[in-house]
Amino acid sequence: MTVLASDRLERGRRAYADIMTVPAPADSTPATQHLLDFVFAEVWQRPGLTRRERRFVTLPCVAAADSEGPMRDHVYAALNSGDLSIVEMQETVLHFAVYAGWPKASRFNMVVDEQWERIHREKDLPVPPPVPLLPLSTPSDPEARLAVGEQSFRDINCLPYAPQRDNPFQGAGILNFVFGEMWLRPGLGMKERRLITVACVAFQDSPYPILSHVYAALKSRDISFAEMDELALHFAAHYGWPKGSHLNQVIAEQKERVTEEWAQDGASNR
């Protein structure tokens, strides 16, 4: 191993310990070496996204991958570092459930509970009581809730229309819950929800959701062009390069679309 490679690997070990809040793995297999000298010494250190923001990309990736070890490790690290509060982590699980499925989210939620208890056990502290669910911040009246969902759908997706109500998937699901409740919950900010969503639609292989959510995140300016490029790299490192390549392609297409729309908007306002 060259001196340069050795220095880079040592930098990766320090970065791993800082990010994961536990010592770096000691084995010298190629997979572990490149995990340390590229994923942790390079990707996690890049300035395009903060460490906290990278957590919101990583967590959906490991929760969807059905890899128990990485899921436990990243949940523990996000909470133990203080980068995410327990409320933010629980909101991440709920948001993930909508965009990646309730069965995987059920396991994700169990791991969150286990690691939250572990952190307090290691510190010899009691687990604090959960934050009360009620009252909800969104309307309880069904008509008002659907109206809120319709407006929220338009605002978040940067579209002039909303789905029809009289379809169970669209009315009860999309309007009543996803946009009438979940996206509006106070436990996470809009940017964090965008990061989670883009990661989820990127591994789902569903053509319209990846297009629409990348577009909306860029058009709304909640995620900048440079941040979206960085999201694609971080996603590729944690979920795989083929899906990362597809996400990168969609990002390029939606950047062009958004740039053209902004130009048209500017021209029409002159």
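Because the structure is a prediction, the values reported are computed rather than measured. The figures that follow rest on heavy atoms only: side chains count, while hydrogens, waters and symmetry mates do not.
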Original post:
Is Met71 linked to Val22 within one hydrophobic cluster, defined over Ile, Leu, Val, Met, Phe, Trp and Tyr using a side-chain heavy-atom separation of less than 4.5 Å?
Top reply: yes

Original post:
Do Trp241 and Phe203 share a hydrophobic cluster (ILVMFWY, side-chain heavy atoms under 4.5 Å, transitive)?
Top reply: yes

Donor-acceptor contact present, side-chain [X] to main-chain [Y], <3.5 Å:
| X | Y | answer |
| --- | --- | --- |
| Gln45 | Phe40 | yes |
| Thr259 | Lys255 | yes |
| Lys219 | Val258 | no |
| Thr58 | Arg54 | yes |
| His120 | Trp116 | yes |

Original post:
Do the side chains of Ile86 and Val112 get nearer than 4.5 Å, heavy atoms only?
Top reply: yes

Subject >> Heavy atoms of other groups near Asp166 CG, more than 12 under 6.0 Å >> reply: no

Subject >> Over 12 foreign heavy atoms within 6.0 Å of CD, Glu261 >> reply: yes

With a 4.0 Å cut-off on N to O distance, would you call [X] and [Y] a salt bridge?
| X | Y | value |
| --- | --- | --- |
| Arg46 | Glu42 | yes |
| Arg107 | Glu114 | yes |
| Arg72 | Glu68 | yes |

Report the distance from atom [atom1] of [X] to atom [atom2] of [Y], rounding to the nearest 0.5 Å.
| X | Y | atom1 | atom2 | value |
| --- | --- | --- | --- | --- |
| Trp262 | Arg221 | CH2 | CZ | 4.0 Å |
| Phe179 | Ile156 | CZ | CD1 | 5.5 Å |
| Asn157 | His213 | CG | NE2 | 5.5 Å |
| Lys191 | Phe56 | NZ | CZ | 11.0 Å |
| Asp265 | Glu260 | CG | CD | 12.0 Å |
| Asn167 | Ile174 | CG | CD1 | 9.5 Å |

Original post:
Among all residues two or more places apart in sequence or in another chain, which pass the side chain to side chain contact (heavy atoms under 4.5 Å, CB included) test with Arg11?
Top reply: Arg8, Arg14, Ala41

**OP:** Could you pull out the closest heavy-atom pair between Cys61 and Phe235, with the gap in Å?
**Re:** SG-CD1, 3.6 Å

Original post:
Are side-chain N/O atoms of Arg55 and Thr92 paired as donor and acceptor at under 3.5 Å?
Top reply: no

Original post:
With distance as the sole criterion, is a donor-acceptor pair present between the side chains of Asp37 and Gln33 under 3.5 Å?
Top reply: no

Subject >> Intermediate values then yes/no, side-chain contact (heavy atoms from CB on, under 4.5 Å), Tyr16 and Val39 >> reply: CA-CA 9 Å; Tyr16 183 99; Val39 176; over 6 Å; no

Original post:
How far apart are the C-alpha atoms of Gln115 and Asn80, what are their side-chain angles, what is the distance that settles it, and do they pass the side-chain contact (heavy atoms from CB on, under 4.5 Å) test?
Top reply: CA-CA 9 Å; Gln115 298 308 307; Asn80 196 43; over 6 Å; no

**OP:** Report the C-alpha separation of Leu175 and Arg165 in whole Å, then their side-chain angles, then the decisive distance to 0.1 Å, and conclude whether the side-chain contact (heavy atoms from CB on, under 4.5 Å) test is met.
**Re:** CA-CA 7 Å; Leu175 296 178; Arg165 296 181 176 189; 4.0 Å; yes

Subject >> Qualifying side-chain hydrogen bond (donor to acceptor under 3.5 Å, both in side chains) pairs with a residue from residues 126-139, counting only residues at least two apart or across chains >> reply: Thr138-Arg145, Thr138-Glu181

